[in-house]
Visitor: 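Pasting a structure below so you can have a look.
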Amino acid sequence: MGLLGELLLLPAAPVRGTFWVLRQVAAEAERQYYDPSTIARELALLQRRLEAGEIDEAEFDRLEDELLDRLERGTPTP
């Protein structure tokens with residue numbers, strides 16, 4: 001795109017910048033959501049909640065399955 005195109009798109013620069021920031025925030029949130037160390041911490045917390053009696057075995061199994069699914073989806077395939 002030449003100088004004319006840049007000048008025509010200049011009024012939209014704040015919007016483009018906002019979308020870029022939103023994409024970066026979403027990418028980082030997704031990275032953290034699928035991070036194995038984050039999932040391991042959540043699994044440990046889940047185990048402590050079960051041992052403390054805050055949740056029952058069925059709830060533990062359901063939440064554990066969700067965390068393990070996240071771990072599997074976040075693991076890159078070779």
Side-chain angles (χ1 to χ4, degrees):
M1 204 179 266
L3 180 61
L4 182 58
E6 289 296 321
L7 287 173
L8 291 174
L9 291 175
L10 191 58
V15 173
R16 290 189 330 220
T18 301
F19 283 127
W20 180 85
V21 169
L22 290 175
R23 283 193 303 271
Q24 299 305 311
V25 168
E28 179 62 18
E30 185 172 339
R31 186 195 65 74
Q32 288 181 17
Y33 183 74
Y34 290 111
D35 181 43
S37 62
T38 300
I39 295 171
R41 282 192 302 273
E42 290 181 29
L43 283 168
L45 175 61
L46 190 60
Q47 181 67 39
R48 286 194 300 271
R49 290 181 63 201
L50 176 66
E51 291 168 358
E54 296 176 14
I55 59 174
D56 62 9
E57 193 74 35
E59 181 74 2
F60 174 83
D61 289 340
R62 185 183 67 75
L63 294 171
E64 181 185 41
D65 286 344
E66 289 176 9
L67 288 170
L68 294 176
D69 286 344
R70 268 178 42 197
L71 184 62
E72 189 176 301
R73 279 190 301 239
T75 305
T77 55

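All residue numbers in this chain count up from 1 along the given sequence.
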Visitor: What heavy-atom pair brings Leu46 and Phe60 nearest, and what distance separates the two atoms?
Guide: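 Closest approach of Leu46 to Phe60: CG-CD1, 3.6 Å.
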
Visitor: Who are the side chain to side chain donor-acceptor pair (under 3.5 Å) partners of Glu28, not counting sequence neighbours?
Guide: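 Glu28 satisfies side chain to side chain donor-acceptor pair (under 3.5 Å) with Arg31, Gln32 once adjacent residues are dropped.
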
Visitor: Answer yes when Arg62 and Glu66 have at least one side-chain N-carboxylate O distance shorter than 4.0 Å, and no when they do not.
Guide: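 The answer is yes: the pair qualifies as a salt bridge.
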
Visitor: Tell me whether Arg73 forms a cation-pi arrangement with Tyr34, defined as NZ or CZ under 6.0 Å from the six-membered ring centre and within 45 degrees of its axis.
Guide: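 The answer is no, since Arg73 fails at least one limit relative to Tyr34.
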
Visitor: Residues two or more places apart in sequence or in another chain: which of them pass side chain to side chain donor-acceptor pair (under 3.5 Å) with Glu30?
Guide: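 Result, side chain to side chain donor-acceptor pair (under 3.5 Å) vs Glu30: none returned.
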
Visitor: Kindly write out the residues that satisfy side chain to side chain donor-acceptor pair (under 3.5 Å) with Glu64, not counting sequence neighbours, or none if the list is empty.
Guide: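 For Glu64, no residue satisfies side chain to side chain donor-acceptor pair (under 3.5 Å) once neighbours in sequence are set aside.
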
Visitor: Between Arg70 and Glu42, is there a side-chain N and carboxylate O pair less than 4.0 Å apart?
Guide: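 Salt bridge present between Arg70 and Glu42.
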
Visitor: So, taking the atom named CG in Leu71 and the one named CG in Asp35, what distance separates them when rounded to the nearest 0.5 Å?
Guide: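 Atom-to-atom, Leu71:CG and Asp35:CG are 9.5 Å apart.
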
Visitor: Identify the heavy atoms of Leu63 and Arg49 that sit nearest to each other, and give their distance.
Guide: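 Nearest pair, atom of Leu63 first, then Arg49: CD1-NH1, 4.4 Å.
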
Visitor: What's the separation between atom CD1 in Ile55 and atom CZ in Arg48, rounded to the nearest 0.5 Å?
Guide: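 Atom-to-atom, Ile55:CD1 and Arg48:CZ are 11.5 Å apart.
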
Visitor: Measuring from Asp61:CG to Glu59:CD, what's the distance to the nearest 0.5 Å?
Guide: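 The CG atom of Asp61 sits 9.5 Å away from the CD atom of Glu59.
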
Visitor: Taking a hydrophobic cluster as the set of Ile, Leu, Val, Met, Phe, Trp and Tyr residues connected by side-chain heavy atoms closer than 4.5 Å, whether directly or through intermediates, do Trp20 and Val25 fall within one such cluster?
Guide: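 Trp20 and Val25: one cluster.
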
Visitor: Determine, using the 4.5 Å side-chain heavy-atom cutoff (strictly less than), whether Leu45 and Tyr33 are members of one ILVMFWY cluster.
Guide: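 They do not share one cluster, since no chain of ILVMFWY contacts under 4.5 Å joins Leu45 to Tyr33.
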
